[in-house]
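Worksheet: one structure, shown below.
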2 protein chains.
Amino acid sequence: MDSQPTAVQRPIQLRIADDLRMSIESGELRPGDALPTLGEITERWSCSMNSARAAVALLKSQGLITSGRGKAPRVREALPRVVRSSERHQEEKDLAARPMRERASTGEAETTMGMSIQDQAFTSQYDTVEATDDLARVLDVPSGEPLLRRRYQARDVSAGRLLSSSVSYIPRGLVDGNPAILDEENEPWPGGTQHQLSTVGVEIMQVVDEVTGRMPTTAEAQEWGLPEGVPLLICRRISLDGDGKAVEISDATYPADRTELRFVIPLRPWQTYPPNDYPGKGEAA
Amino acid sequence: MDSQPTAVQRPIQLRIADDLRMSIESGELRPGDALPTLGEITERWSCSMNSARAAVALLKSQGLITSGRGKAPRVREALPRVVRSSERHQEEKDLAARPMRERASTGEAETTMGMSIQDQAFTSQYDTVEATDDLARVLDVPSGEPLLRRRYQARDVSAGRLLSSSVSYIPRGLVDGNPAILDEENEPWPGGTQHQLSTVGVEIMQVVDEVTGRMPTTAEAQEWGLPEGVPLLICRRISLDGDGKAVEISDATYPADRTELRFVIPLRPWQTYPPNDYPGKGEAA
DNA sequence: GAGTGGTCTAGACCACTGT
DNA sequence: CAGTGGTCTAGACCACTCC
């Protein structure tokens, strides 16, 4: 009579975690507040230490709370989100057509995120790699074709943690015409990639951003200084020329707890205003 | 001599997890392959069951492996990703201007994702809510202003799991002019929201998508049938009229392991081709 | 130094999978 | 039914925080 066919009894750790979550969502526990200690949990729910731990660990893995040795776990406070807008693509294109003085001055200020520029360390590494099947398909070149790979990172100087990270791929055949592009000593190039490509006769006419997400590896979490339970946003930017041919791929990762990707899409006006009819129209008043 | 000041010894669970991860990344363990059993792990790394569990649990929380009672944990196989493209916004706008017959036929086929339409159950619920501070700010109305809230869900009929879920908010003041819009019995409305708004004289001229991500709650993971370690993509779509005024907000959630959000951004052509100059240009040959 | 959480062990019971 | 992983307990040691 008492035993249900499924879910005989919800595991104690889940019940604890749900109760705690409700305390948080109801506002009983506010961001920054400390959770009950493990000892208190064992008492209140009459369970073992390990079950109490498991409950807290679950909430941690869901990104709800912070933790640390010897410190009481606390309800996580939301970080301000840095907005990365798709409008930057057009701005960079406009900039590329400006005189060099102007291009040089506007250069890398883009990457600031509430930090002054001297607190950040920028690195760029150039090399040539063979196109993987994945990259070759998008760039429409044979697998194994040589690609110029450029890796960019910005780090917080004091904490040593990653602030931004991206990898760009361009077919060598496209840029071999201008050896200056192949030299990482020329970074930061005034006017960015779009100006670089202009020197070999390429104009980017369309950008496609492909966004998805996943959990970081242990190593990634450490490099970014990510708390547990924070996913990464994965963004692949494909730049196309006037013929719709992909000329550059740029893969970037962003911590989801402090990033918002914004895409602004203009729509063409209606040529004729939509007809004002629909099912039920004019039936009952 | 042997004891370092920090990180005296990396926790055994992390070492196990890293070793297993390397096996996966090197291709030694391929997608679908079973991991070593807990017993084997305790032997190979001479640790306790719980440490072996902890290592496997870590990989699970990073989305690398699947698991289940009595079943060996396996290397997760990537799911095919459903692409949601920003080009749909323009397509929906174009459709709204078509005759009703055409609008009605193209209606809801959009949501298919490799499933036939009769395997899916669509629900829509309408009600009126007061604008939260958050919504009010974006829609530029006073807090507490009445909003038409429309909740849409699609479910896999056989498994009962969520396939898509979104919530839309429109100020009541905008749509009160056409009571038909307030009636959920009129779903699916032929031509969608953009046609609905056209009946009260509103034309969407710009769409802004704001994308971020987070881990699902326990309840969300269950509703979507999400394996552990899979984040949600959070997408807020803001529709603007010709004056740049926000007229609709639509919040949607997507499982990151089976979704790709794609944004296509056209760029305006250069008016003047960029000058071919940069630092170092013409110095050494 | 007292109290906290992080790591780890040993051992138990149960639900489920596969044969 | 044997073997597996999921849940849970009790108890230990250590690193760290805060007082």
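Here the structure is a predicted model, which is why all the values come from computation and not from measurement. Lettering of chains follows the sequences in order, A, B, ..., and the numbering in each one begins at 1. Computed over heavy atoms, backbone and side chain alike; hydrogens, waters and symmetry mates excluded.
- Between A:R161 and A:D156 no salt bridge is recorded (no basic side-chain N to carboxylate O distance below 4.0 Å).
- With respect to A:R155 and A:E223, a salt bridge is recorded, a charged nitrogen being found less than 4.0 Å from a carboxylate O.
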Could you run through nucleotides 4-10 of chain C and give me one letter per nucleotide, 5' to 3': B if any protein heavy atom sits under 4.0 Å from the base, S if only the sugar-phosphate is that close, - if neither? BBBBBBB
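- With sequence neighbours excluded, the residues satisfying side chain to side chain contact (heavy atoms under 4.5 Å, CB included) with A:V230 are A:R76, A:L226, A:P227, A:D257.
- Residues B:V75 and B:L64 are not in side-chain contact: their nearest non-hydrogen atoms beyond the backbone lie 4.5 Å or more apart.
- For residues 15-28 of chain B, every residue pair satisfying the side-chain hydrogen bond (donor to acceptor under 3.5 Å, both in side chains) rule, not counting sequence neighbours, is listed here: A:T218-B:R21, B:R10-B:D18, B:D19-B:W45, B:R21-B:Q62.
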